[in-house]
Amino acid sequence: MIEERYNVKNVESKWQEFWAENKTFEVLEDKSKEKYYVLAMFPYPSGQLHVGHMRNYTMSDIVARYKKSSGYNVMNPMGWDAFGLPAENAAIENNIHPEKWTYENAEAMRKDMQLMGLAIDWSREIATCSPEYYKHEQKFFLDFFKSGLAYQKESWVNWDPVENTVLANEQVVDGCGWRSGVPVERRKLNQWSLKITDFADDLLEGLEQLENWPDRVRTMQDNWIGKSKGLQMHFYLAGSNDLPIDTIEIFTTRPDTLFGASFLAISPDHPLTTELAKSNSEIADFVADCHRQGTSEEALEKAEKRGVDTGLEVKHPFMDKTLKVFVANFVLMDYGTGAVFACPAHDQRDLDFARKYGLDVVPVVIPEDKKTEDFTIENEAYTGDGFLQNSDFLNGMDIEAAKANIIDRIEKAGDGTGTTTYRLRDWGISRQRYWGCPIPVIHCDACGTVPVPDDELPVTLPTDVDFSIAGSPLANHPTWKNCSCPKCGKDALRETDTFDTFFESSWYYLRYCDPKNTESGFDREKVNYWCPVDQYVGGIEHAVMHLLYARFFNRALKKSGYLDFDEPFESLFTQGMVTHETYKDKNGKWLAPSQIILSSNGSATNKIDGSPVTIGRIEKMSKSKKNVVGLQEVSENYGMDSARLLILSDSPPERDLEWTESGIEGAWKYINRLWRMISQSKTKLPEIGTALPDILSDSDKAIMGVIHKAIHDISEDLDRLHFNRSVARIRELSNSLSDYDNDKDNNPAILLFGFETLIQLFSPMMPHLGEELWQHLGHKNLVVNAVWPKADKSFLVSDSVTIAVQVNGKLRATINMPRDVDKDKAENIALDEPNVQKAIGEKTVRRIIVVPNRIVNVVI
RNA sequence: GCGGGUGUGGCGGAAUGGUAGACGCUGCGGACUUAAAAUCCGUUGACCGUAUGGUCGUGGGGGUUCAAGUCCCCCCUCCCGCACCA
């Protein structure tokens with residue numbers, strides 16, 4: 001049944017149906033096989049999939065298929081990170097219920113994923129917004145609450161004074177509410193937090209074991225945790241005042257610069273500031289001003305360094321001078337003690353501030369190559385190494401010695417202690433939103449905060465909610481929050497906040513192991529079989545928060561007695577984004593690629609009226625800029641194997657990929673080329689199972705070498721997730737096989753072996769074409785179930801090597817010589833080369849470096 | 001602002017400190033065709049040279065080394081994250 005043309009639509013849908021009907025990718029625990037758990041970060045169900053979403057799932061799919069062929073029991077699940085803001089926005093804007101919107105989107109996206117031919121076990125599909133899922137995390141939360149891992153505290157939120165709503169940082173644009181347009185205010189609310197800081201050291205130390213994580217992700221988490229040693233000390237207030245305190249507690253990581261201190265700075269949110277503001281209107285105004293901006297660290301750090309003199313002064317512990325105390329907007333209450341001493345010479349923020357308010361700048365750390373009297377600070381603080389000067393008893397010491405000395409003296413004087421501080425803050429999990437998991441506690445006037453009893457879980461969301469009223473829909477609901485206290489039975493109120501959606505994504509990988517369990521979140525045995533995740537694949541944007549929260553959650557569950565291991569993700573791979581050119585019409589409105597026509601001279605016009613189109617920057621594919629290419633249209637025109645091929649071949653996987661029309665056409669051409677080459681080979685192929693000949697001609701040996709080298713290299717590339725390189729090797733192999741097919745003296749059995757190997761090697765990447773051609777050759781089994789080929793090392797090593805000969809590091813000749821000749825012989829062969837002689841000329845050879853089978857470098 | 005990354009022909013990219021540009025796209029030349037498309041073959045970093053060959057060349061500047069795209073220092077670009085987007 002040979003078809004002339006590759007009918008991609010029929011072939012792809014045929015195999016997709018076959019895989020689904022035969023449950024090819026459904027798995028159960030099987031102790032006789034080694035397990036392999038591949039996980040792609042699950043998506044938020046936002047609507048239709050576009051090719052930008054595809055990259056993540058394509059990569060995890062290759063791994064799943066490759067590992068399955070390599071004999072592993074592979075689990076590759078999928079689900080929906082289904083709670084979140086966009087569903088509520090859709091409810092407000094289009095008057096559609098978040099639940100309906102979410103499930104409809106998930107439905108559409110599942111269909112798109114099935115169209116991609118992913119090797120997913122759909123029997124394990126989960127949606128985090130279903131009570132069957134969130135019931136269990138409510139239980140986890142209550143365990144955390146009972147063990148003290150969850151607690152309530154006052155935390156800052158962005159408050160929109162017009163809409164009377166808490167805003168997400170994303171909803172704050174230039175310090176103003178995205179809808180109201182008025183400046184947001186910072187407000188404190190009583191909210192739930194999880195004690196991730198209890199695990200700060202453990203999370204930090206755990207990073208060292210994560211050898212299969214990218215270094216940059218580990219570095220980012222390390223910096224995020226931000227462990228630093230320093231000094232916590234108090235300064236005594238000078239003079240008299242009415243304050244109830246006589247010291248100010250500060251934290252510094254640079255105690256060595258104490259003699260360069262020129263002022264003290266306290267946070268606008270420091271208790272002392274609050275106290276002073278009561279009687280000082282200037283401070284009160286300044287604090288109010290500081291509160292008229294978002295809560296994000298970025299907004300705070302980017303703001304101009306400003307402050308107000310409190311009029312207070314403190315005594316320097318070792319110098320006969322006093323330091324002014326300022327309230328400064330760059331001091332964060334969340335870090336250290338919310339107060340610092342400022343040494344402008346060695347800290348840029350302090351310097352900016354000192355220049356603005358005319359304060360002293362005294363350098364106390366002098367670089368080794370500078371003299372104290374010549375060393376001045378202009379507008380750049382010096383943060384490098386050096387030796388202490390202008391510092392009394394510290395003079396001459398290096399920074400480390402000076403730190404130790406100061407800490408020792410302050411400790412002995414009883415004015416402070418050397419301490420360790422972390423940048424990491426506890427995880428605030430309360431959200432004033434509807435579309436999230438209800439926090440299962442009850443507030444009772446008499447009993448305080450009371451957990452919802454286990455047998456009343458899950459606390460489910462009401463469906464009749466009004467999104468037209470500002471504020472939290474749950475708090476606004478007329479009856480939902482009313483209940484009776486489980487302890488005393490009196491009238492009480494439900495917590496109306498819901499969980500941060502990172503809560504759901506912190507344990508979904510566990511739920512996949514046992515997705516239908518109604519009794520508990522998961523069965524311990526099943527989790528112990530599948531976990532940890534062997535290969536996690538997702539975007540670099542999750543490098544810190546999601547991945548750190550999940551690592552913490554796993555530990556918290558272990559501490560609560562649910563798990564036996566610390567780290568959830570054994571290996572991590574972060575893939576790059578898919579980008580596309582952007583287009584705007586004459587009115588400056590975004591246009592989709594399908595709405596324009598590109599001409600060969602590089603200009604573009606509007607498909608409808610032919611008006612000129614401005615071609616903009618290449619940016620991440622996103623609905624908002626309309627630079628998306630739909631899955632359906634690609635499937636229709638080129639098939640999904642083409643899309644998969646383009647995604648894998650055109651960029652290294654960790655870097656961005658630009659989606660282009662010419663790229664997808666190139667991939668499509670190659671799919672057809674493979675189809676033609678194998679289904680219409682010039683050589684008549686023998687039956688499958690025909691033995692390879694014992695005696696090989698030179699060209700037979702050569703092609704066998706190429707085939708085995710391809711097996712070796714491609715397996716290695718797939719192990720390392722270097723998909724773009726494996727595609728290049730696939731092309732090399734197919735080029736060679738095409739040549740061999742054209743060779744009249746070829747051996748058909750070897751050609752068949754070459755084709756079979758080629759199909760196996762490219763099948764993880766182009767699975768539909770792979771199955772079709774595998775069947776075409778006469779195989780009855782699936783190629784995905786066929787045993788992955790093994791390279792025969794005897795074909796990999798050739799007798800001769802080509803080595804480079806350099807003279808003074810410049811290439812002068814390349815010479816063939818026998819493999820592994822001794823150094824003297826290699827030198828002689830190299831020196832005999834006329835071009836090498838010419839380059840040496842009259843000069844004396846001083847040295848010859850020989851790297852066996854690689855290079856000879858003649859130094860003259 | 002802070003933390004992390006990135007940069008190589010016209011384009012996407014390849015390269016355990018050891019022959020820079022594998023593999024592809026585009027372009028150019030050719031075959032096939034009445035013609036075109038598709039397909040197949042050859043060629044394609046820049047400059048000089050008829051040629052054997054030579055010079056330059058991996059964001060910019062400096063350094064280490066027999067040898068640097070790769071290691072070190074400084075700078076620039078764009079991208080990711082910054083705790084309530086997911």
Side-chain angles (χ1 to χ4, degrees), chain A residues 41-44 46 81 83-86 155-158 166-172 191 214-217 219-224 226 294-305 330 334 348-349 352 423-433 500-502 505 539-546 548-549 574 576-577 579 617 619-620 649-652 654-658 660 662-663 665-667 669-670 672-673 676 722 724-725 727-732 735 738 742 802-806 808-814 834-835 838 846-849 851 854-859:
Chain A
M41 288 182 186
F42 68 164
Y44 180 79
S46 57
D81 188 13
F83 276 136
L85 264 188
S155 313
W156 291 105
V157 294
N158 301 306
V166 177
L167 298 179
N169 282 337
E170 186 192 49
Q171 297 169 318
V172 179
Q191 305 196 69
D215 285 340
R216 56 176 168 157
V217 175
T219 309
M220 280 188 258
Q221 293 210 352
D222 191 323
N223 290 335
W224 184 265
T295 56
S296 80
E297 192 173 306
E298 184 186 2
L300 298 177
E301 293 269 349
K302 271 187 178 166
E304 190 197 352
K305 311 290 174 276
F330 63 88
D334 290 318
Q348 193 59 45
R349 287 178 304 187
D352 294 344
R423 203 185 76 99
L424 181 69
R425 307 199 295 260
D426 275 339
W427 174 14
I429 51 167
S430 293
R431 298 291 182 271
Q432 296 68 44
R433 317 222 179 273
D500 175 8
T501 56
F502 277 126
S505 55
I540 186 68
E541 66 273 22
H542 294 295
V544 176
M545 302 190 63
H546 160 59
L548 193 63
Y549 289 147
T574 54
M577 301 177 302
T579 64
R617 294 157 53 103
E619 300 203 57
K620 177 182 178 176
S649 66
D650 244 35
S651 272
E654 68 281 2
R655 226 182 285 173
D656 289 352
L657 170 102
E658 192 193 346
T660 58
S662 61
E665 270 171 16
K669 278 185 195 172
Y670 185 62
N672 281 287
R673 202 178 148 212
R676 269 193 313 273
H722 291 169
N724 57 324
R725 295 205 308 200
V727 172
R729 305 288 163 248
I730 294 282
R731 286 184 182 267
E732 275 173 345
N735 288 345
S738 172
N742 287 326
T802 308
I803 72 155
V805 183
Q806 299 178 333
N808 276 359
K810 286 200 176 189
L811 182 72
R812 292 302 170 192
T814 53
N835 213 37
K838 197 179 121 195
R846 292 194 323 197
R847 208 177 142 189
I848 299 178
I849 287 137
V851 181
R854 288 249 153 165
I855 203 165
V856 176
N857 190 6
V858 182
V859 186

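FYI, side chains are in, hydrogens and waters are out, and symmetry mates aren't considered; it's all heavy atoms of this structure. The sequence lines fix the lettering, A, B, ..., with proteins before strands; numbering per chain opens at 1.
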Separation of B:rC25 atom P from A:Asp650 atom CG, nearest Å, is 10 Å
Would you classify A:Thr802 as touching base, sugar-phosphate or nothing, given that sugar-phosphate means primed atoms plus P, OP1 and OP2, and contacts are heavy atoms under 4.0 Å?
base
Nearest-angstrom distance from the residue atom NE2 of A:His722 to P of B:rC23
19 Å
Span that lies between the C1' atom of B:rG10 and that of B:rU44, in whole angstrom
11 Å
Indicate whether OP1 or OP2 belonging to B:rG13 is found under 4.0 Å from a side-chain N or O atom of A:Ser651.
yes
Taking protein heavy atoms under 4.0 Å as touching, what does nucleotides 79-86 of chain B look like 5' to 3' if B marks base contact, S marks sugar-phosphate-only contact and - marks none?
SSSBBBBB
Could you list, one pair per line, each protein nitrogen or oxygen that sits under 3.5 Å from a nitrogen or oxygen of nucleotides 52-57 of chain B, together with the distance?
residue	atom	partner	partner atom	Å
B:rG54	OP1	A:Arg812	NH1	3.1
B:rG54	OP1	A:Asn835	ND2	3.3
B:rU55	OP2	A:Arg812	NH1	3.3
B:rC56	OP2	A:Lys810	NZ	2.8

When you compare B:rG59 with B:rU55, how far apart are their C1' atoms, in angstrom units rounded to a whole number?
22 Å
Whether A:Asp656 side chain and A:Met577 backbone form a donor-acceptor pair below 3.5 Å
yes
Any side-chain donor-acceptor pair under 3.5 Å between A:Asn808 and A:Arg846?
no
How long is the line joining OH of A:Tyr670 and C1' of B:rU39, in whole Å?
16 Å
Quote, to the nearest angstrom, the P distance that separates B:rG1 from B:rU16.
36 Å
Value rounded to 0.5 Å, distance of CG in A:Asp81 from CE in A:Met41
11.0 Å
At less than 4.0 Å, is any side-chain N or O atom of A:Asn735 found next to OP1 or OP2 of B:rG24? Yes or no.
yes
Nucleotide B:rC11, atom P - distance to CD of A:Glu665 in whole Å:
21 Å
CD1 of A:Ile855 versus P of B:rA68: gap in Å, rounded?
10 Å
Please answer whether the main-chain N or O of A:Gly539 pairs with a side-chain N or O of A:Thr574 as donor and acceptor at a distance below 3.5 Å.
no
Which part of the nucleic acid does A:Lys305 contact within heavy-atom distance under 4.0 Å: base, sugar-phosphate only, or nothing?
nothing
How far does NZ of A:Lys620 sit from OG1 of A:Thr579, to the nearest 0.5 angstrom?
11.0 Å
Kindly compute the distance separating CD (A:Glu170) from CG (A:Leu85), expressed to the nearest 0.5 Å.
7.0 Å
Expected output check: what is the dot-bracket annotation of RNA chain B, where ( ) and [ ] are pairs inside the strand (brackets for crossing ones), | is paired with another strand, and pairs are Watson-Crick or G-U under 3.5 Å?
(((((.(..(((.....[....))).(((((.......))))).((((....))))..(((((..]....)))))).)))))....
Within this structure, what is the NZ-CD distance for the pair A:Lys302 and A:Glu304, rounded to the nearest 0.5 Å?
15.0 Å
Mind telling me whether B:rG27 is syn or anti, cutoff 90° either side of 0?
anti
Between B:rU26 and B:rU65 - P atom distance, rounded Å
46 Å
Decide side chain to side chain contact (heavy atoms under 4.5 Å, CB included) for A:Asp352 and A:Phe330; before the verdict, give the C-alpha distance in whole Å, the side-chain angles of both, and the deciding distance to 0.1 Å.
CA-CA 11 Å; A:Asp352 294 344; A:Phe330 63 88; over 6 Å; no
Sticking with atom P, work out how far B:rG61 lies from B:rG5, rounded to a whole angstrom.
24 Å
Using atom CG of A:Asn742 as one end and atom C1' of B:rC40 as the other, report the distance to the nearest whole Å.
9 Å
Mind checking the C1' distance from B:rA83 to B:rC74? Whole angstroms is fine.
33 Å
When we call it a touch if two heavy atoms are under 4.0 Å apart, what does A:Arg673 touch: a base, just sugar-phosphate, or nothing?
sugar-phosphate
Applying a 4.0 Å non-hydrogen cut-off, can you work out what A:Arg854 is touching in the nucleic acid: base, sugar-phosphate, or nothing?
base
Heavy-atom check, side chain of A:Val727 versus side chain of A:Tyr670, under 4.5 Å:
no
Taken to the nearest whole Å, CG/A:Asp215 to P/B:rG3 is 18 Å
Between B:rA36 and B:rA22, how far is it from one P atom to the other, in whole Å?
31 Å
Quick check: does any side chain N or O of A:Asn835 sit under 3.5 Å from a backbone N or O of A:Arg812, one acting as donor and the other as acceptor?
yes
Heavy atoms under 4.0 Å, any strand shown: does A:Asn724 hit a base, just sugar-phosphate, or nothing?
sugar-phosphate
Assess whether side chain to side chain contact (heavy atoms under 4.5 Å, CB included) is satisfied between A:His546 and A:Thr501, documenting all intermediate values.
CA-CA 10 Å; A:His546 160 59; A:Thr501 56; over 6 Å; no
Nearest-0.5 Å distance, CG of residue A:Asp500 to CD of residue A:Gln191
10.5 Å
State whether A:Arg216 places a side-chain N or O below 4.0 Å from either non-bridging phosphate oxygen (OP1 or OP2) of B:rG5.
no
A:Leu657 CG to B:rU6 P, straight-line distance once rounded to whole Å:
18 Å
Salt bridge between A:Glu654 and A:Arg216, side-chain N to carboxylate O under 4.0 Å?
no
I'd like to know if the side chain of A:Trp156 pairs up with that of A:Asp334 as donor and acceptor (distance under 3.5 Å, no hydrogens or angles considered).
no
When the C1' atoms of B:rG21 and B:rG57 are compared, how many Å lie between them, rounded to an integer?
11 Å
Of B:rU39, B:rA22, B:rG18, the nucleotide closest to the side chain of A:Asn857 is B:rG18
